[in-house]
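In what follows, a structure is listed as structure tokens, so that the remarks can point back to it.
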Amino acid sequence: FKMKLAIVGITGMVGKEVIAVLEEMNFKIDELIPVASKKSIGKTIQYNNDSYSVIGIKDAIDKNPDVAIFCAGGNTSLEWGPKFAEIGTTVIDNSSAWRMDKTKKLIIPEINGDSLNEGDKIIANPNCSTIQMLMALFPIEKKYGIERIIVSTYQSITGTGMKAVNQLKNEYEGKDGEMAYNYRIHQNAIPHCDDFLENGYTKEEMKLVNETNKIFDSNISITATAVRIPVMGGHSESVNVTLKKSFDLNELIEELKQFKGLTVQDDPSKNLYPMPYFSRNSNEVYVGRIREDFSCENSLNLWIVSDNLRKGAATNAVQILELVKSKGFIA
């Protein structure tokens, strides 16, 4: 079996990260099909010392890829995802386009990868903030059950894309330039991630609510505040959880330590706790500051950090690719 992989949006931040993750994992691809918008057609992409020319999305369909990883935004995924699925390509989508579609699965491999079957031709990658939060909460949910989650996020500008990275660099250097945000981000914190909705929450905040309810349990009460901060290396989250059962903190920490893909960094005596500084370019989710919330029964606080371009996007997509390959769905 020869693996033909298309990466749609390969020249963007997530697309480039997918290539980096595939190289690090030594993933065997027989043919890489790099896809991007018109302005990038003809550019050269390097993968494992080979050069590939970027093509348009119509030409990519003609090449009949086994899998297409979409990293190009919701409108592209809505328009082209079904067209790829129709010819038998398995689509792994990084956008929000299909996440809440009842007919599509929202997959974090360590948590619900077993639910995938051969008929799943469009597979949704959850939002970056959701992925890292649920990676840390899954062992807790499994053992104790979760009643309520209160989450505040401190999100990297890389979640917005290159325009935001350039804005921060320009502000840092005192230059004028194109703005990704309504305000300066340098030396600032903006409580506004994605668009505001009629209910007063932003789309990013409601993604945390709706996606958690879809992946875990629709009965969990969740409220979120999402904040953009001038950081490059990853998203941070302060999470307060109320459990259905009482817990022993040491036992709970042990559960977290046993969970694959999660690294516990929690030793206040040595000033050890998760930070974007540690998480950049890492595929792990880091959890620390794990402590009981004495103000509320059966409750605790956690601090969760992960590189949003890695486990929050590219790594999760590549892990889904590994999963469908190992299950024999793309033979």
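Just so it is clear, the model here is predicted, and its values are computed rather than measured. FYI, side chains are in, hydrogens and waters are out, and symmetry mates aren't considered; it's all heavy atoms of this structure. FYI, the numbering just counts along the sequence from 1.
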Side-chain donor-acceptor distances from residues 283-291 under 3.5 Å, at least two apart:
unit_1, atom_1, unit_2, atom_2, d
Asn283, OD1, Arg310, NH1, 3.1
Asn283, OD1, Thr315, OG1, 2.6
Glu284, OE1, Thr263, OG1, 2.7
Tyr286, OH, Ser282, OG, 2.7
Arg291, NH1, Arg289, O, 2.7

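Using a 3.5 Å distance cut-off with no hydrogens or angles, the side chains of Thr242 and Ser299 do pair a donor with an acceptor. Between the side chains of Glu204 and Asn127, at least one donor N or O sits under 3.5 Å from an acceptor N or O. A donor and an acceptor atom, one from each side chain of Thr130 and Glu211, are located under 3.5 Å apart.
Ring-plane geometry between His186 and Tyr172 is classed as perpendicular, the angle between the planes exceeding 60 degrees on a 0 to 90 degree scale with a lower cut at 30.
Alongside Ile61, the hydrophobic cluster contains Val8, Ile33, Val35, Ile55, Ile57, Phe70, Leu78, Trp80, Phe84, Ile87, Val91, Trp98, Ile122 (criterion: ILVMFWY side chains under 4.5 Å).
Qualifying side-chain contact (heavy atoms from CB on, under 4.5 Å) partners for Ala313, counting only residues two or more places apart in sequence or in other chains: Val14, Asn94. In this structure Lys28 satisfies the side-chain contact (heavy atoms from CB on, under 4.5 Å) test together with Asp30, sequence neighbours excluded. In this structure, Glu147 has no salt bridge (Lys or Arg N to Asp or Glu O under 4.0 Å) partners at least two apart in sequence or on a different chain.
Contacts classified as ring-ring contact (aromatic ring centres under 6.0 Å, His included) and involving residues 233-282 (residues at least two apart or in different chains) are given here: Phe138-Phe259.
Taking 4.0 Å as the cut-off between side-chain N and carboxylate O, Lys104 and Asp93 do not count as a salt-bridged pair.
Nearest heavy atom pair, residue Ile220 against residue Asn213, reads O-ND2, 3.0 Å.
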